[in-house]
Structures are given as structure tokens and as C-alpha cells.
There are 2 protein chains.
Amino acid sequence: MNRARTSHAKEQRRQALLDAALDEFFEKGYTAARMDDIASRAGVSKGTVYLYFKSKEQVFHGLINSIASPKIQELEVVLHSAGSAKEALQMLFRIMPMIVAHSPMPKLAKVLIGDCNAFPEVVCHYRQQVIDRGIGAITQLLEAGKRSGELQVADADLTARLVIAPMIYAAIWRVVFEIGVEQPLNVEALFELHDSMIIKALSAD
Amino acid sequence: MNRARTSHAKEQRRQALLDAALDEFFEKGYTAARMDDIASRAGVSKGTVYLYFKSKEQVFHGLINSIASPKIQELEVVLHSAGSAKEALQMLFRIMPMIVAHSPMPKLAKVLIGDCNAFPEVVCHYRQQVIDRGIGAITQLLEAGKRSGELQVADADLTARLVIAPMIYAAIWRVVFEIGVEQPLNVEALFELHDSMIIKALSAD
DNA sequence: TGTATATTACTGACTGGTCAGTTATTTTAA
DNA sequence: TTAAAATAACTGACCAGTCAGTAATATACA
């Protein structure tokens, strides 16, 4: 392998190792994933991995931290930029299928679920930095819509959970049941339907 | 350990081993779970496990097959017994929190998600025997409601997925994020809200 | 410019520990 | 006494992590 000499090249190599680790952890789970395989998937030898990470556990930590956290801030900004609550919800329902189909989120979710008991601190941190903030942003949006009379919302926190539930469902579905299946779930249609049903359910009678 | 002599006692022991395996697989994942720990959790030594199962993999297969499959038939019967589609949905939304809070389903789901890539045949079988039948039963229910004019349903299959999504969400939530947390998710309230929102979303305008 | 020396990214064989599965032996109940 | 049931010591494969060695690049100096 070519040497990574500049600090930029090293950062690239670190990222290549994390990409390889995501795929290996996703396919085999944390315990069954082999450092040798992560290394060769990134095009280096095992020893090199230990130049970039102290241990297998640190690779895992690095992986979780590299994904999702930055994305949540984007989400918060986007939702605040909307003119109305319904508009914000519609933006959300256009983002969701993209997250499910074109981001590493489903793979990461699978890894996190599968190995959550081995890394309780990681789960706790992830929950605070990603999940709670995501739910919080949607809760705020719903409460703003309620205040303006635009939406009928009984319990904003629970409603926020019902809003995101299909994204969790779709992510799990893709990753667990859609490996080499002829007819994949129509994610766009699912979220269009979810959109219309949520809007109807939250509109004034 | 006392000897299991009668075939009944043997069946009990087999079940005790499967119970122990569920807890171990749930806590550690398939690969990291140790046969020694499964054995001692069931109160026997490792060698005894091999009197009841040919291998670790067979323990896993036995575990998946022992759960859920029988439950789905119950569900199908219950849903058919309802007088109307709305009534059937309401029964469903009363069953869901019980499944999430008082059945092994969340633990099993976590295990299945975490190790799905190691056991593609198990996933395929489980999907056909449990998931597809569950979705199918709800799809039928929705289509019956549509035919009778009771419900407005655009796409019964996708709607069925939106109906069950919060159960998946709640199951994952409990198992991943609710280990030793002060304020657990109010599952009953979640499904009450889901019920009212779904009914409103599917009612004629 | 070319050559000697120093640096460092990288490699892969090795070690120590772990664990699935086996088997020789012991226990128990009929 | 004997046969089934259970045990525990054992084996061999596997793998995380280490480290002595290699080679590519940088630096120093003529």
C-alpha cells in the first residue's frame, strides 16, 4: 500500500479504515468481525490498523462518533428554516426516505442494536447526542404547530416518536429482510403515505 | 443437577436451555455468547447442552423456532373474530403494548437483527412464517374495512407497515435505550395515541 | 546532483488467551 | 448391576494485540 505521508492522507486512511470497519461490523457483528479483515478491506495489513487505533474497541468508538452526530445539526437547521409546521413535516418526510436508502444510518443502526449491550456508554452517548436531539427537534416543531393552531397535538413527545417510527421500521427492514430480495420495499411511497396520514391525523376536524 | 429421566423432564430441560440461550444471546450476541454460560444459566454443565443440541448453531435455530411462530396464529384468529375493521384495529393496538412489554419479542428481535447476516436462512424462514403473515393479516383487515366503506385505505400493504412500525420502534427502544433508565417510554400511552391517529387518518372525511 | 543517513509507515509471524466441541469418567436411579 | 445422564478435563482452531524487521521517503551533506 502507498504510504500516507501528509496528515491529510492519514486522515483519509483513518476514514478508509472506519468505512471498512462499518462494513465488517455490519456483516459479522462486533465480536465476529476480524481486525485482519477490516485491515485488508481497507487495503492495509493488520499492524497498520493499530497505528491508527489503540484497539478494536477504539475502532468501534471511532466509527459511531464519525457518523450521525454531524447530521443531526443539519436536521435541526432544516426544520427551523421551514415556514410552517406542516411544511417542516413535509420536508422531514422527504428527508427520511433518503436517509433510509442512501445513508449509512441503517447499517449503523443494525450494528448499534446488535452490540448495544457490549457498549452501554456508546449507546448512552448516542442516545443523548442523536436520538434525543432528533426527537426534540420534532417535538418542538409539533408544539410550534400546536401553538399556532395549525396542528392538533395531544402529546408532542409521543407524537414525535410516531413520526419517526416508520423510519426505524424501514431502516431495519432494508438491513435485515432485504438482502437479495426480488421486490424491495417502496420507501418513497411508504413515506408519502405516512406524510398524508400524519397530516390528516393532526389536522383540525 | 438432577437427572431429567422422563421425556417430559427432558422437554423442560430443553426449554430451560432455550430460555438461558435467549438471555445469553440477547446480552452478548450470538458469537460472544459462551456455551459454558448458557449451560450454567440453565443450571447444567456445558457437556449437557450437547446432549440436547448438536451445536451452538442448533441452539440458535431451536430458539428462533420456539418463539413467535405459534403466536402469529393466535393473532390471525383474534383479528378474524372482530366485528368490524375499526374494532380489529383497536384489539391490535391493545395487544401491541403487551407484546412489547411482556413477551420475549423485543429480545428476540434484537438477537435476530444483530445476527441476521450470520443466519440468512433463519431470517428468510422467520420473515415468511411470522412477518409476512402478520403484515398479511393486517392487510386483509384493512382491505375488508375498505370494502365495507368503513375505512379509507389507499395502499393496504404500506398502511399495514405503518400500523406495525411503532411496535418495532417501541421494541427496539426498550431493548436498546432503556437499560437502567429512570423514565421508561410509556408504551400504553404510545399505542393509545397511535390508535386514535390511525383511526382518524383512515376515517372518511 | 548524487549518496549516505535518519525517519516512519507499514508488514506479518508470533504469543497468549479464549472457547466450541469431544470424550473419559462419575453419578444416579431403577 | 447397568444404562442413561451429567460432568469436567481436554484439544485444537481461532484471533486480538505485539513487535522485530522492511522499505519508502525525507533530510543532510558533499
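As the structure is a prediction and not an experimental result, all values here were calculated from the model.
Annotation: proximity of residues 45-57 of chain B to DNA chain D (heavy atom, distance under 4.0 Å) is found for B:S45, B:G47, B:T48, B:L51, B:Y52, numbered in ascending order. Applying a 4.0 Å cut-off to non-hydrogen atoms, none of the residues of residues 14-26 of chain A approaches DNA chain C. Within residues 29-40 of chain B, the residues approached by DNA chain C to less than 4.0 Å at the level of any non-hydrogen atom are B:A33, B:R34, B:M35, in residue-number order.
Put simply, the residue from A:K110, A:K28, A:K107 that forms a salt bridge (charged side-chain N to carboxylate O under 4.0 Å, His left out) with A:D23 is A:K107.
Qualifying side chain to side chain donor-acceptor pair (under 3.5 Å) partners for B:D19, counting only residues two or more places apart in sequence or in other chains: B:Q15. Qualifying ring pair (Phe, Tyr, Trp, His ring centres under 6.0 Å) partners for A:F60, counting only residues two or more places apart in sequence or in other chains: A:F25, A:Y30, A:F119. Listed by chain and residue number, nothing satisfies the side chain to side chain donor-acceptor pair (under 3.5 Å) test with B:N186 (two or more places apart in sequence, or in another chain). Evaluation of the ring pair (Phe, Tyr, Trp, His ring centres under 6.0 Å) rule for B:F26 yields no partner, not counting sequence neighbours. With sequence neighbours excluded, no residue satisfies side chain to side chain donor-acceptor pair (under 3.5 Å) with A:E87. In this structure, B:F191 has no ring pair (Phe, Tyr, Trp, His ring centres under 6.0 Å) partners at least two apart in sequence or on a different chain.
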Distance-only criterion, 3.5 Å: show the donor-acceptor pairs between side-chain atoms of residues 134-146 of chain B and protein atoms not counting sequence neighbours.
| unit_1 | atom_1 | unit_2 | atom_2 | d |
| --- | --- | --- | --- | --- |
| B:T139 | OG1 | B:I135 | O | 2.7 |
| B:K146 | NZ | B:V153 | O | 3.3 |

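Residues in residues 98-117 of chain B take part in no ring pair (Phe, Tyr, Trp, His ring centres under 6.0 Å) pair, two or more places apart or across chains. Counting only residues at least two apart or on different chains, the salt bridge (Lys or Arg N to Asp or Glu O under 4.0 Å) pairs with a member in residues 43-72 of chain B are B:K71-B:E74.
For A:R3 and C:dT7, the CZ to C1' distance is 10 Å, given to the nearest whole Å.
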